[in-house]
Amino acid sequence: MRRIYLDYAATTPTHPLVLKAMLPWFTDGFGNPASIHSFGQEAKGAIEEAREKVARLIGAKSEEIVFTSSGTEADNFAIKGVAYAKEHKGKHIITTAIEHHAVIEPCKFLEKRGFKVTYLPVDKDGLVDPRHVKKAITDETILISVMHANNEIGTIEPIKEIARIANDRGICFHTDAVQTVGHLPVDVDELKVDLVSISAHKFCGPKGVGALYIRKGTKIVPFMHGGEQEHGRRASTQNVPGIVGFGKACELAQKEMGQEKVRLQTLRDKLISGILDRIDDVRLNGHPTQRLPNNVNISLEFVEGESMLLNLDLVGIAASTGSACSSSVLEASHVLLALGLPHELAHSSLRLTLGQETTEKDIDYVLEKLPQIVKKLRVMSPLYKPGKK
Amino acid sequence: MRRIYLDYAATTPTHPLVLKAMLPWFTDGFGNPASIHSFGQEAKGAIEEAREKVARLIGAKSEEIVFTSSGTEADNFAIKGVAYAKEHKGKHIITTAIEHHAVIEPCKFLEKRGFKVTYLPVDKDGLVDPRHVKKAITDETILISVMHANNEIGTIEPIKEIARIANDRGICFHTDAVQTVGHLPVDVDELKVDLVSISAHKFCGPKGVGALYIRKGTKIVPFMHGGEQEHGRRASTQNVPGIVGFGKACELAQKEMGQEKVRLQTLRDKLISGILDRIDDVRLNGHPTQRLPNNVNISLEFVEGESMLLNLDLVGIAASTGSACSSSVLEASHVLLALGLPHELAHSSLRLTLGQETTEKDIDYVLEKLPQIVKKLRVMSPLYKPGKK
Amino acid sequence: MKSRKDLWSLYSEKVMEHFQNPRNVGEMQSPDGIGHAGNPVCGDIMELYIKVKDDIIIDAKFKTFGCGAAIATSSILTEMVKGKTIEEAMKISNKAVAEALDGLPPIKMHCSVLAEEALGLAIEDYLAKSKRK
Amino acid sequence: MKSRKDLWSLYSEKVMEHFQNPRNVGEMQSPDGIGHAGNPVCGDIMELYIKVKDDIIIDAKFKTFGCGAAIATSSILTEMVKGKTIEEAMKISNKAVAEALDGLPPIKMHCSVLAEEALGLAIEDYLAKSKRK
Ligand SMILES: Cc1ncc(COP(=O)(O)O)c(C=O)c1O
Ligand SMILES: Cc1ncc(COP(=O)(O)O)c(C=O)c1O
């Protein structure tokens, strides 16, 4: 059976060239970068080369890049690290209602430990209003964290404007750029951000590697305590093959990003308009234009998300939904609810995220199969009263 | 030039079979285990299989294994996680003076945040006295953490006795078993431990993967906050290839551990007695018999460690020292100082750790080269006054 | 590639079979009892219709908005109740529903609870209506 | 395998050369000045001996317990001072020593400081002794 992967926002396949770059570092160049001997120095050379590649992709200096084990770790590090470094100045953090859990949960953890967190609302397209940020700032505010682009609905936030507000007030600014780095140009100096979270597996790098960009001079307490690796900012033996692969993925992204963006945008728009043409009672979630080039998020009324996913999977299409049945309590996506969607619509969402291997034929196939599936499920749905609308 | 790696305690090469097991999960089976579709479920199946292998190696149930990105993360998770979960009961932690930095530094972090930590001394061989543990317990004690075997001097601690004391008092017991799991039999029920830190790259698994064993019922706050992965105990997209490799390494270790232990012990003892025979003014650090099968740690008087390492490296031998010149201040190993060694001797230490590919010929080569190097350096040393002793 | 069966670690084959080919889908003309369970917040909504004759459930139909497990439990439930007396049907527990599907993953057990609830409500409705008659 | 030069990212070739073939190792019979620097706690101990004639350093020797950088800086220092007047030698800074070795890694700069210190002490010792004479 044909298998079409349209869940690139969840994770991507490792690029063959990335894997190739990694291979020597498992067996031959297996040294510990902290070791003085040549096995160690060789490995150290490899991770420093990778660090330069990561830095180059975002216009940073290589000593501003700290390798982590993931985007989640980078977010935890940024949020908790700044909170602990600055708590004597104040205990107020500003973030948004649509952040990834990797930002929201560290904030909740800090709330239990005496910090105050403001979760800013977004408009119906998922945009954060910079004026809201400005208004939320108090003398106690030590950190503002707003994601660069949302992983569910693809909305790209006005980071530059928000960072300027933070800078004007001398407040540290973090952005979770896990969904943009490697896909869209990100320049830390143009955006004027202090901290940026990155994850390799979101752009054809390996899983289990990420980075936190830390602008020189930013005060931050380590998250992972132990050895002196990463100049004392992140303990633990570095994941050499993973880091090398991450570097390679950055190098490839830098070369291919521009063209790929245009290609994906075209496919994305074909998919969106195709669905809207073929299926009634569909709503596009997220901003119509200010959105990730590969993101389609729609609510298909009267149909629950997981049942759509299963049916899509049965015809070989891998997608995602904001109806999370993964925990013991069914919860609709906090992002979709923040847009003002009623629960039914939040549970009816379908996310299709395109990538490297997506072709026009894949889009045609989805446009053939999805209407059939929706129709089948709507017949089954107690919410669907045809003709009523 | 011949290259002999004798730094297996720092890290090991990834076993070819481990790498082979990992490969399919980069490119074909690249799904996110959290995804509902078949790409995701396939990856989930792979990590659950790996979880069973890890559990089997230490006699645990698979739901008691939480994957982490390293031994350091497992240690941070255990120490901070129990501290935060139990702080309402008390804020006292007991550990030892010879723990790895991955345990000591989280303790120091907690000390800054209102916790009290007792660092127990060790005897001249590096053994912790269980009676000291007993005496150190107060009504406030919430956690006892004693490593299974020390990474520098190889001394194996009386964990079972110490765990019994903790159990009798109803105190949570953690052991950093990064140097023993995969090398020596470790059974969580026989040892009666509540938390065990493991790292894959120390026994031919990949770098960037580890696990924390958490006995069912143990209260612990997550370290990495975010998504619901690992049953809500550790957020972040799982490193599927790494975890699969980790599982494979456990499977291999379980098969080969017994024989390998005997083989390494023989080589180790040959190396120790060979050095003691050929070089004067040498001291064996660590316990003479209760030590890791692959660990040799000696102080070669009058000679500084790094200069030995460089000279060894020039003849192709990779080793390690307790004279850490890696940070801006030269610091002698806290472990060697805890044994009561004067600074000169601590700075004169050499660690040779054997492994998978070590042969008798390698040992002979070291025994040929090391005396020449020591002689050369002693001639240069202002501390060496021949004939004075 | 492994077979689909290996991949679907989430659901049993039986669940998937019922999910793909649900039995007794649809509304019922003048049912004797209707049971609504669930709500939009939790993401699962079940409607169960039963037709009863001489205290025996002679027909059952459902409409469900929900995940794979919700649809499969609704489907099997309609099969399980048909031919049963009201008293027998009342004894069908959520566990029995789950077992009939060769089990449900722990995080999906609430779907079988929902099915039990819908059935209870449909029977209640039937009993209330028949009293009124 | 890459060449050793690539591998030794830690040290310059010049450092490694002096480390492998240190010049002027050993004690000196009746030196005119001795400088001891460092201590066992920090892990580096340097002993510098100088012979002076007509205010010119005509010979220098060293003994060092320390890391690669410590040995290399000691070695090059003895070469640098030979033939210099006391006044010239006093001007040799730790930076000059490091530069003569084509640089030292930041974490090893303290070794060059130690060398400067040992030289200063040796000269002080010489000056004190010559005053006494
Ligand atoms: C916006 C965003 N932040 C953080 C993460 C977490 O990254 P990782 O999976 O590398 O932990 C993700 C993806 O899962 C994401 O999309
Ligand atoms: C005893 C001990 N604990 C913890 C660690 C840390 O493990 P990792 O390198 O996987 O972070 C090590 C090794 O570095 C170790 O030897």
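Note that the coordinates shown come from a computational prediction; the quantities given were computed from them, not determined experimentally. To find a chain, count down the sequence lines: A is the first, B the second, and so on, and within it residues start at 1.
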Value rounded to 0.5 Å, distance of [atom1] in [X] from [atom2] in [Y]:
X	Y	atom1	atom2	value
A:Y8	B:N32	OH	CG	14.0 Å
A:Y84	B:K112	OH	NZ	12.0 Å
A:M224	B:M224	CE	CE	6.0 Å
A:L312	B:S38	CG	OG	11.0 Å

Mind checking whether A:Y5 and B:H37 have parallel, tilted or perpendicular rings, split at 30° and 60°?
->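 A:Y5 vs B:H37 ring planes: perpendicular.
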So for [X], is it side chain, backbone, both, or neither that comes closer than 4.5 Å to the heavy atoms of chain A?
X	result
B:K80	side chain
B:H15	neither
B:T27	both
B:V209	neither
B:L19	side chain
B:F223	both
B:T12	backbone

Considering all heavy atoms of both residues, which atom of [X] and which atom of [Y] are nearest to each other, and what is their separation?
X	Y	result
A:F30	B:K207	O-NZ, 2.6 Å
A:S69	B:E73	OG-OE1, 4.4 Å
B:T72	A:A235	CG2-CB, 3.9 Å
B:G226	A:E105	O-CG, 3.3 Å
B:H225	A:N76	O-ND2, 2.8 Å
A:E306	B:I36	CG-CD1, 3.5 Å

Which one of A:D313, A:T11, A:D7, A:L309 satisfies the side chain to side chain contact (heavy atoms under 4.5 Å, CB included) criterion with B:S35?
->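 Only match with B:S35 under side chain to side chain contact (heavy atoms under 4.5 Å, CB included): A:D7.
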Checking [X] against chain B: side chain, backbone, both or neither under 4.5 Å from a heavy atom?
X	result
A:H231	neither
A:E87	side chain
A:V18	neither

Between A:P241, A:P13, A:A318, which shows the greatest number of heavy-atom pairs under 4.5 Å with chain B?
->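 Ranked by contacts with chain B, first place is A:P13.
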Among B:H100, B:R113, B:Q238, residue most engaged with chain A (heavy-atom pairs, under 4.5 Å) =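 Max contact count across the listed options: B:R113.
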